[in-house]
Amino acid sequence: MQNLLHNLNPEQLAAVTLPPQNALILAGAGSGKTRVLTTRIAWLIQTGQVSPAGVLAVTFTNKAAKEMLARLGAMMPINTRGMWVGTFHGLCNRLLRTHYKDAALPQTFQILDSQDQLSMIKRLLKANNIDDEKFPPKQVMYFINNNKDQGLRASQVEAYDALERKLVELYQLYDDQCQREGVVDFAELLLRTYELLSRNEPLRQHYQQRFRHILVDEFQDTNNLQYAWLKLMAGHGSPFGGALFAVGDDDQSIYAFRGANVGNMQAFESEFRVQNLIKLEQNYRSHGHILDAANLLISNNSRRLGKNLRTDAGHGEPVRVYEASSDLQEAQWIIEEAKARIAEGATRREIAILYRSNAQSRVIEHALFSAGMPYHVYGGLRYFQRAEVKHAIAYLQLMDNPHNDSAFLRVVNFPARGIGARSIEQLQNAAAAYNCSLYAAVPYMVGKAGSALAGFTKLIEGVRFETQQLALPELVRITLDSSGLLQHYQNEKEGADRVENLEQMVSAATQFVSEEGFGQGAPAHLGPQASATAGAQVVVADGVEIIDADAPLASVMSPLSAFLSHASLEAGDNQAQEGQDALQLMTVHSAKGLEFDNVFITGLEEGLFPHESSSKEDGGVEEERRLMYVAITRARKRLYMSFCQTRMLHGQTRYNMKSRFFDELPEESLKWLTARVQQGNWFSTGSRKSAWDEMPSVPSADNRLAARINQASGASLGWRIGESVAHAKFGEGVIINIEGSGANCRAQINFGKSGIKVLDLSVAKLERV
DNA sequence: AGCAGCTTCGCGCAA
DNA sequence: CGAAGCTGCT
């Protein structure tokens with residue numbers, strides 16, 4: 001016990017040992033937040049205040065949940081598998097599997113990812129003859145998800161004009177279709193659970209009484225539905241309630257786009273009459289200059305709860321800033337710097353390269369690949385999102401729930417088996433006429449198309465029958481074979497990678513079965529009934545018998561259902577070369593919660609970071625600033641920032657200005673690696689080297705670009721494309737094009753806020769910035 | 001029916 | 001730039 005609380009600072013200790021009441025912990029980046037959370041749980045259990053089964057801990061990512069369980073296991077000799085630690089989505093999935101009847105879902109309901117959801121909406125629009133110009137599928141999806149995130153069903157949404165009424169109508173049609181198919185989207189997992197618990201009193205009371213302590217990580221990222229869900233679970237306003245322990249940092253709220261509401265922190269404080277508010281401001285992660293940069297940057301935001309990080313670590317290295325001529329050269333520079341760090345003894349996994357959007361990784365990946373530098377990309381196209389794996393998953397889904405139309409359409413003619421667009425159209429008409437799934441509509445089809453389709457359903461049923469008594473890995477293997485998928489890719493010229501990915505599914509299944517505590521040989525299809533008595537706890541509340549949705553998963557769902565949930569909810573984040581010492585590439589979003597000795601924040605350009613669409617949104621720039629804050633605070637020892645004069649974006653060269661965030665950082669903590677040309681005309685003073693001259697060896701494409709630009713500058717009175725300039729009236733801008741020569745030389749300049757202007761270079765009074 | 005090759009479109013982060 | 005969707009050929 002002493003051991004447990006050992007080494008905690010006074011604030012951390014206070015947080016860990018708070019009485020069993022609602023509490024809000026404002027935990028700055030690197031302040032030992034996860035440590036406080038896990039130690040709190042361990043302390044509660046060790047002091048006998050709660051049993052492991054009485055704890056509910058909620059996180060946003062699977063990674064965070066896993067880490068919490070691992071740390072708990074290290075602190076106490078308990079079996080953490082039975083504990084309720086997970087993501088909102090994972091926990092809801094477990095609850096809905098257990099109480100599927102009360103939730104009005106089929107036992108084998110399946111989870112739609114956003115891809116599936118979008119394609120379903122497209123189908124829906126087509127089937128109802130709705131103009132997808134007027135109702136872009138993405139917008140319809142946004143409308144639906146947004147309302148679900150607010151806890152609103154179609155019948156509860158208020159529509160003020162014809163357009164909204166139509167959207168509401170589509171929302172209803174969409175939900176009906178999901179129900180018919182037995183599928184739920186991500187938001188539905190939460191909403192359905194919320195509705196289940198709010199309508200079913202015995203069930204609600206059961207869980208409220210069970211969970212004495214509810215702990216929430218990253219509370220600033222909760223959306224309104226998640227907050228309401230927590231309120232319900234914590235029994236707020238009921239005599240059964242437990243204590244809610246929320247840990248969050250308003251400065252790291254970066255998920256507004258998926259409905260997160262920082263206001264939940266203040267709401268929680270007042271609604272739950274929180275007496276215990278503790279700020280953790282001591283940072284154990286970053287050196288001084290890095291922290292100073294983070295603090296000054298974030299001070300530009302308004303409406304903060306107020307918090308300032310401090311460190312005892314000393315100033316450390318300054319933040320290094322680099323201006324690259326192009327995105328290619330930026331990548332080149334990163335590699336040079338990374339090599340230098342590695343030569344000094346840094347490991348590759350302690351070097352992170354962060355970017356604002358996934359598309360930026362391509363150039364960097366290409367450069368790393370050419371340089372033979374091992375790297376690992378997080379996010380991006382995950383294992384279970386790859387086309388071939390999704391195909392295989394679709395076959396498995398059909399085996400478990402043949403009424404999943406998305407799965408049906410994905411593979412009904414893949415590999416090709418003579419079922420074309422025309423047959424599908426007929427089948428869809430039949431399904432609409434009989435108000436049933438595509439699978440169920442097959443018997444209504446006649447003729448050639450009918451027999452081809454019947455062949456397909458026979459295939460599915462055959463495999464299902466054949467594998468009835470087999471364990472999950474065998475089921476997967478046989479499915480890959482019988483579906484013809486494996487053979488299809490084996491025959492394909494460049495299908496080797498895909499075959500490998502498919503074969504990896506068998507090992508993924510093997511690993512899954514053992515990790516989740518299913519018996520090695522447990523039949524994949526077998527419903528939970530057979531094993532229900534083994535794990536599930538049956539309790540009686542108010543005379544109503546309740547099967548508690550307790551771990552292990554085996555007690556509430558079949559191995560196959562569980563595996564499919566796993567594929568949807570985890571998407572196989574780290575399936576790729578784990579354990580290898582590689583550079584870490586990821587978006588700033590996915591870097592949240594992680595830390596590295598060396599961090600590169602790349603592409604710090606206006607339009608990219610902050611992202612251009614953020615300026616149109618209310619509070620968008622503040623969110624981008626928080627995102628930048630998250631990025632900076634990932635670094636322990638060394639932080640790099642870079643931006644490019646030219647960048648390939650959406651297939652064309654763009655000339656961006658450096659990010660406004662540079663103006664919000666403490667000058668004394670920065671070290672510019674490239675000459676800041678503000679101090680004079682570096683073009684005419686031969687002595688001063690420019691950023692361009694200092695370039696390390698660059699790819700030929702870049703040389704060509706540099707040559708082209710230099711050529712342009714000869715006839716353009718010393719100005720060149722990509723250069724930053726200042727104009728008395730228009731402010732700062734970037735030269736994006738130069739036309740003509742000599743006295744007729746004109747430049748097209750992007751002045752950002754003032755727009756793009758064409759100025760006569762012999763007349764305009766421009767200054768170099 | 002099925003595929004190659006062409007055009008068009010859209011493009012931010014993600015459980 | 002890349003994915004999705006369309007056309008027209010076999």
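What you are looking at is a predicted structure, and each value in this text was computed from that prediction instead of being measured. FYI, side chains are in, hydrogens and waters are out, and symmetry mates aren't considered; it's all heavy atoms of this structure. Here is how names work: the chains are called A, B, and so on, in the same order as the sequence lines, proteins then strands, and each is numbered from 1.
- Regarding Met628(A), its CE atom lies at a distance of 18 Å from the P atom of dC13(B), rounded to whole Å.
- Checked against side-chain contact (heavy atoms from CB on, under 4.5 Å), Asn146(A) has the following partners two or more places apart in sequence or in another chain: Tyr142(A).
- For Lys122(A), there are no salt bridge (charged side-chain N to carboxylate O under 4.0 Å, His left out) partners, not counting sequence neighbours.
- Residue contacts shown for Arg362(A) are limited to sugar-phosphate atoms, with no base heavy atom under 4.0 Å away.
- For the 3.5 Å distance criterion, the side chains of Ser590(A) and Thr587(A) qualify, holding a donor opposite an acceptor.
- For Phe643(A), the ring-ring contact (aromatic ring centres under 6.0 Å, His included) partners are Phe662(A), not counting sequence neighbours.
- For the residue pair Asn224(A) / Asn261(A), a side-chain donor-acceptor distance below 3.5 Å is found, with atom types taken as modelled.
- The distance from atom CZ of Phe384(A) to atom C1' of dA14(B) is 17 Å, rounded to the nearest whole Å.
- Arg123(A) pairs by the salt bridge (charged side-chain N to carboxylate O under 4.0 Å, His left out) definition with Glu181(A), not counting sequence neighbours.
- Counting non-hydrogen atoms under 4.0 angstrom, Glu617(A) reaches a base of the nucleic acid.
- Side-chain N/O atoms of Asn358(A) include none lying less than 4.0 angstrom from OP1 or OP2 on dC11(B).
- Distance check on atom C1': dC13(B) versus dA4(C) gives 22 Å, rounded to whole Å.
- One can place CD of Glu605(A) at 15 Å from P of dG12(B), the figure rounded to the nearest angstrom.
- If you measure from atom CG of Leu91(A) to atom C1' of dA15(B), you get 12 Å, rounded to the nearest angstrom.
- The salt bridge (charged side-chain N to carboxylate O under 4.0 Å, His left out) test applied to Lys592(A) returns Glu218(A), Asp221(A), not counting sequence neighbours.
- For DNA chain B, the residues of residues 122-139 of chain A within the heavy-atom distance limit of 4.0 Å (strictly under) are Lys138(A), sorted by number.
- With sequence neighbours left out, the ring-ring contact (aromatic ring centres under 6.0 Å, His included) criterion links Phe596(A) to no other residue.
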Can you tabulate the close N/O pairs, meaning under 3.5 Å, that link protein atoms to atoms of nucleotides 1-4 of chain B?
from: dG2(B); atom 1: OP1; to: Gly418(A); atom 2: N; distance (Å): 2.5
from: dG2(B); atom 1: OP2; to: Asn413(A); atom 2: ND2; distance (Å): 2.9

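- The phosphate of dA14(B) (OP1 or OP2) has a side-chain N or O of Ser590(A) nearer than 4.0 angstrom.
- Across the protein-nucleic acid pair, Lys592(A) atom NZ and dA15(B) atom P stand 12 Å apart, rounded to whole Å.
- Not a single donor-acceptor pair, N or O on each side, falls under 3.5 Å between the base of dG12(B) and the side chain of Glu612(A).
- When rounded to the nearest whole Å, the span between CG of Asn146(A) and C1' of dA14(B) equals 15 Å.
- As a whole-Å value, the separation of Leu118(A) CG from dC11(B) P is 9 Å.
- The base of dG12(B) sits with one of its N or O atoms less than 3.5 Å from a complementary donor or acceptor on the side chain of Glu624(A).
- For DNA chain C, the outermost nucleotides in 5' to 3' order that have an atom under 4.0 Å from a heavy atom of chain A are dC1(C) to dG5(C).
- In this structure, His611(A) counts as stacked on the base of dG12(B) under the 5.5 Å centre distance and 30° plane angle limits.
- No hydrogens or angles considered: nothing links the side chains of Gln584(A) and Tyr375(A) as a donor-acceptor pair under 3.5 Å.
- Under the salt bridge (charged side-chain N to carboxylate O under 4.0 Å, His left out) criterion, Arg258(A) pairs with no residue at all, not counting sequence neighbours.
- Here the nucleotide nearest the side chain of Tyr255(A), chosen from dA15(B), dA14(B), dG12(B), is dA14(B).
- A search for side-chain contact (heavy atoms from CB on, under 4.5 Å) contacts involving Asn129(A) returns nothing, not counting sequence neighbours.
- Nucleotides dG12(B) and dG5(C) are separated by 24 Å at their C1' atoms, to the nearest Å.
- Contact annotation: Thr587(A) does not reach the phosphate of dG12(B) (side-chain N/O to OP1 or OP2, under 4.0 Å).
- Nearest nucleotide to the Phe257(A) side chain, out of dA14(B), dA15(B), dG12(B): dA14(B).
- Rounded to whole Å, the distance from CG on Leu608(A) to P on dC11(B) is 16 Å.
- Comparing His650(A) and Arg258(A) against DNA chain B, the residue whose closest nucleotide sits nearer the 5' end is His650(A).
- Asp400(A) and Thr108(A) share no donor-acceptor pair across their side chains, judged by distance under 3.5 Å alone.
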Which donor-acceptor pairs under 3.5 Å do side chains of residues 623-630 of chain A form with protein atoms, sequence neighbours excluded?
from: Glu623(A); atom 1: OE1; to: Arg626(A); atom 2: NH2; distance (Å): 3.1
from: Glu623(A); atom 1: OE2; to: Tyr255(A); atom 2: N; distance (Å): 3.4
from: Glu623(A); atom 1: OE2; to: Ala256(A); atom 2: N; distance (Å): 3.1
from: Glu624(A); atom 1: OE1; to: Arg356(A); atom 2: NE; distance (Å): 3.0
from: Glu624(A); atom 1: OE1; to: His611(A); atom 2: N; distance (Å): 3.0
from: Glu624(A); atom 1: OE2; to: Arg356(A); atom 2: NH2; distance (Å): 2.8
from: Arg625(A); atom 1: NE; to: Glu664(A); atom 2: OE1; distance (Å): 2.7
from: Arg625(A); atom 1: NH1; to: Asn301(A); atom 2: OD1; distance (Å): 2.7
from: Arg625(A); atom 1: NH2; to: Glu664(A); atom 2: OE2; distance (Å): 2.9
from: Arg626(A); atom 1: NE; to: Ser253(A); atom 2: O; distance (Å): 2.7

